[in-house]
Amino acid sequence: MPNFFTEADSVNAVNARVGADINPRLREVMTSLVRHLHAFVKDVHLTQQEWEMAIDFLTRTGQICSAERQEFILLSDTLGVSMLVDAINHRRPLGATENTVLGPFHVAGAPQREMGSCISFDGKGESCLFEGRVTDLHGNPVKDARLDVWSDNAEGFYDVQQPGIQPKWNNRGVFTTGVDGRYSFVGIKPVSYPIPHDGPVGRMLEALGRHPYRPAHMHFIVTAPGFEKVVTHTFVGDDAYITSDAVFGVKETLVAPFERVDDGRTIWRSPFDFILTPDGE
Ligand code: BEZ
Ligand code: FE
């Protein structure tokens with residue numbers, strides 16, 4: 001009997017067409033995708049109208065994408081898929097600094113700055129000293145660790161969202177540790193902000209009764225020879241959105257102290273150590 005498509009045998013009808021000589025990983029991923037997709041359609045008994053809405057949603061999601069706007073990643077972020085992929089692929093020993101989402105506002109090539117220098121150039125916000133150590137799992141300092149840092153400004157916008165309004169490289173910089181593994185720089189105490197929500201993902205969040213906000217955070221990419229790259233943020237713990245991040249990026253170990261110091265140099269101080277795992281573990 002030819003393998004005609006039926007509701008009951010739908011998965012088999014599709015997966016049986018897969019060629020014998022294809023890439024085995026592609027076979028595993030695609031046949032599983034078809035299995036789960038068909039199970040989902042059957043589970044919710046998807047209506048024709050709902051299917052059309054889904055196609056329209058995906059079409060609009062694609063149409064709004066550009067070099068500066070990646071709506072599919074936002075969709076993945078807001079459905080928790082980005083964090084899940086990250087979690088599965090970056091399981092680390094207890095004590096090691098955890099990863100979180102990269103986000104769309106990282107810009108490669110930020111200027112290298114002197115340790116201790118200020119990265120905030122728009123004169124807005126409450127100054128904050130970020131400092132700590134980069135170490136291995138045993139507490140030994142890591143030399144030549146590169147910290148690429150970025151945050152929003154006091155109004156909740158990254159420099160790249162406001163070209164011509166904010167100074168170039170506002171609240172961004174790269175710092176490299178010496179033999180003591182220490183880092184320090186002055187930025188601002190970050191503020192919470194909404195992810196881009198003027199597109200289909202924003203409409204989806206609205207329809208689901210969800211807000212688009214991320215709790216205040218400072219982004220870090222920490223790399224060092226011989227160690228696994230860490231893509232992470234530190235979070236302001238008393239932020240109103242700390243337990244409802246629109247992209248599920250908060251981890252308990254990434255909530256950093258923000259101590260009010262008012263010491264004549266900065267208003268705040270946020271100490272945080274980065275603990276790296278050896279490459280390839
Ligand atoms: C961010 O933190 O920059 C970010 C992360 C995910 C989606 C949007 C923004
Ligand atoms: Fe961010």
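In listed order, ligands and their atoms are each counted from 1. A quick note: this is a predicted structure, and the numbers were derived from the prediction, not measured.
Taking distance alone, with nitrogen or oxygen atoms compared against 3.5 Å, H217 approaches ligand 1 more closely than that limit.
Put simply, S151 stays out of reach of the Fe ion (ligand 2), with no N, O or S atom under 2.8 Å from it.
Ligand-side atoms of ligand 1 in range of L74: 7 (C), 8 (C), range being under 4.0 angstrom from any heavy atom. Near I195, the atoms of ligand 1 lying under 4.0 angstrom from a non-hydrogen atom of the residue are 7 (C), 8 (C), 9 (C). Those atoms of ligand 1 that come under 4.0 Å of a heavy atom in H219, given as number and element, are 1 (C), 2 (O), 3 (O).
The protein heavy-atom contact nearest to atom 5 (C) of ligand 1 is G103 CA, 3.3 Å. In terms of protein heavy-atom proximity, atom 9 (C) of ligand 1 is nearest to P104 CD, 3.2 Å. The protein non-hydrogen atom at the shortest distance from atom 6 (C) of ligand 1 is D77 OD2, 3.3 Å. In terms of protein heavy atoms, atom 1 (C) of ligand 1 is closest to Y193 OH, 2.8 Å.
When rounded to 10 degrees, the angle formed at the Fe ion (ligand 2) by NE2 (H219) and NE2 (H217) equals 90°. Taking the Fe ion (ligand 2) as the corner point, the angle from Y193 atom OH to Y158 atom OH is about 100° (rounded to 10 degrees).
Classification of the F220-F274 ring pair by plane angle, with boundaries at 30° and 60°, yields tilted. A tilted orientation is assigned to the rings of Y241 and H211, their planes being inclined by 30° to 60°. Aromatic ring orientation, W150 versus H106: tilted (interplanar angle from 30° to 60°). Note: Y193 and Y158 have perpendicular aromatic rings, judged against thresholds of 30 and 60 degrees for the angle between ring planes.
For H38 and H36, the gap between ring centers reaches or exceeds 6.0 Å.
S82 and D77 share a side-chain donor-acceptor pair at under 3.5 Å.
Counting non-hydrogen atoms of neighbouring residues, nucleotides and ligands closer than 6.0 angstrom, the CE atom of M115 exceeds 12 such neighbours.
Looking at E259 and R269, a side-chain N of the basic residue comes within less than 4.0 Å of a carboxylate O on the acidic one, giving a salt bridge.
Using a 4.0 Å cutoff on heavy atoms, W150 does not count as a contact of ligand 1. Within the structure, ligand 1 lacks H106 among the residues with a heavy atom less than 4.0 angstrom away.
Between V174 and A110 the shortest heavy-atom distance is CG2-O, 3.6 Å.
Residue contacts with ligand 1, taken as heavy atom pairs separated by less than 4.0 Å, do not involve I73 at all.
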